[in-house]
Amino acid sequence: MSTRRTAIVRSIAALTLTVAAALVPVAASQPALALENGLARTPPMGFNNWNAVRCNVNEAFMKKIADFIHTRVIEGRTLQQRGYTYVNIDDCWALPNRDANGNLAVNRSKFPSGIDGLANYVHAQGLKLGVYADSGSRTCDVNGFPGSFGHERADALQWARWKVDFMKYDNCNQPPDDTFEKTVARYTAMRDALLAAEQQTGQKILYSICQKGDRGISPFPWSPQVGNMWRTTSDIRPNWDRMKFIIGRNIPLAQWAKPGAWNDPDMLEIGNGTLTQTEERTQFSMWAIMAAPLLIGTDLTLASAADLSILSNSDVIAIDQDPLGRQGVQLSNNSGRRVLARPLANGDRAVALYNESDATATISTTASAIGMPSAPSYTLRDLWSKSSRTTTGTISASVPAHATVLYRVSRTGTPTNRYEAENATIFQGAAESQHAGYSGTGYVNYTNATGGYVQWTVTAASAGSTTLRIRYANGTTVNRPMNISVNGGPPVVVNFPGTGAWPTWATATTTATLNAGSNTVRATAITADGGPNVDYLEVG
Ligand code: GLA
C-alpha cells in the first residue's frame, strides 16, 4: 500500500471512530479531525449569484448586489443589518487555463479589479466575499474552468492572499477512478490547505462542501468533520416539485448539524422561476426550522417588494440563526402533512406545520410533543402573520397546500413546576430584589464563601430521571460552580459561568433521579466566591 493510500485509509478509519466515540486521540501525522476554524457558529447568510445569473457573473453585478445588501432599507433595516453577510461568486470567474506559474487566473474582462479588488470593496462595506472552485480537474459549468485537484495548497494560499472569506468547493470532473475514500481525501486536502493558508496569512475561510452525494457517494459521516456546511442534494430548481424533493431529503439529516457545521439543502430560490409566494415562504420557513444556510439566489435589484419582505422576516431569520444551533426534527409525517420542531436558546421552541400535499389540511401537534416543559398555557406566535394566540397545549392550524405555518412557542403564566429560590431554605445567603429580571419576588444572593446553599422541596408525580433547570445570574467573569444534591445523595457539580451582568439571567441544566412525591434539591456553593444569584429551580 502506498504511503498516500495508507494515510487516506487511516484518516477514514479515524473519521469513523470519531463519529462513534466522540474523542479519539489523533497521531500528529494525521490531518485534524474537524474543521476547527471558529466560523459558521450559526448558518451562514448572504448571497450567491448562481441561481440568478449562472455563468453571466461579473464584477459590476456583484458590486450592485453588495451595494443593495449594504444600503437598501427594507421595512426599516438593510439585509446586512438582518444578518446577510457573504457575497459569493459562483462558477465562471476564472480564465479557462492556469497562468504560466500554474496559478488560477482571474478573467479580468469580467472582474477588472480582480478578486482581491472585489474583496476590498465588499470588506469596506463590512461584508465578506466568497468564491467557487472545484475538487476535480475542471469546474461544473459547460465551459469548465480549471479545477484545484493537485493544486490545493497553492490555490488556497492564493484565495487567502486575496482575502477571500468563503470557498464553495464543487465536485465535477473527478478523477475517473473516484471512490468514497478518494472523494473524502480530495475534500480533506482542501480543508487542510485552507487551514494551512490561514496559518500563513491569518485569513479565515469558511469551507462549503459541494459534493452533493454525487454518484451515490455519501456526504456522511465525513462532511461534518471536514466542512462548515455541505450540500445534501444535487441542484435546486425554482419549481415546487424540486423544492419539495429537497426538503424531504434534508429533513432526516438533523443529527449532523451543529454550530460550525450545517446541512446545506442549496440556495434560496425566492424571487425565481415558478414558485408562488406560499411556496417561497415555505422555503424560508423550512430552511429556518432546518438551520440551513440562507444564501439569497435572486437578483435583488429586480426582486418584488413581496420577495424582499420574505427575505427580511427577522422572526424567521431568528429561528434559523438561533445560537443553540439545533436543526429541527420531524415529529410526524401524515401523507406529507409534516410537523417539525426545534429547541431554541431561550427555552422557546419553533414548530413548523408543513403541508407538502396539494390540498388544504389541518396539521396538529401539542406543546408536550414538541418538548415544551409543562405550563398552564403557551403563546403561539405566527411568524408570518405576526399574530399570537394562547393555548393550553394543542398546536393546530389549517395549512393551505404547499404552505408552512411557523410558530414560536413560549410558556405563559407561572409554570407549575417552578420553585422560587426566595421561598426555599437559605443558608449563608439572603433573598433580595436589587437586580431586575427575576421571577417571583426576588432571588437569592449567596454569601461569598463556600458552603452556602439554597434547598428546595419539590414534588414529582412519578419516580425517575428528570431535568433540573436553575435560573441564575453571575455578573462576574468567573464561574461559580455549585454542588447539586438530591435527597442528600452524592453531589453533581454544575457550572454557573458569567452571564455578562447581574441583571442578565441564564439557565443551567442537569439531570437527576427523583422519588415519587416529595424530594429535596440542594445547590451548595463550592468556591470562596459563593454561588451565583439564583432565581428559581424548575423540575421536568
Ligand atoms: C454545480 C453546483 C451549483 C453551481 C454550478 C456551477 O452544479 O451544484 O450549485 O455551483 O455547479 O457550475
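For reference, positions follow the sequence shown, starting with 1. Order of appearance sets the numbers: ligands from 1, and atoms from 1 within every ligand. Computed from a predicted structure; not experimentally measured.
- Between the side chain of Y132 and the backbone N or O of W93 there is no donor-acceptor pair closer than 3.5 Å.
- Judged by distance alone, the side chain of S137 and the main-chain N or O of N173 form a donor-acceptor pair under 3.5 Å.
- Using modelled atom types, one side-chain atom of D91 and one backbone atom of D141 make a donor-acceptor pair closer than 3.5 Å.
- Using a 4.5 Å heavy-atom cutoff, the side chains of W159 and S148 are in contact.
- Between the side chain of E59 and the backbone N or O of S113 there is at least one donor-acceptor pair closer than 3.5 Å.
- The protein residues lying under 4.0 angstrom from ligand 1, judged by non-hydrogen atoms, are W50, D90, D91, Y132, C140, D141, K168, D170, C210, K212, R231, D235.
- Proximity of the aromatic rings of F47 and Y84 is defined here by a centroid distance below 6.0 angstrom, and this criterion is not met.
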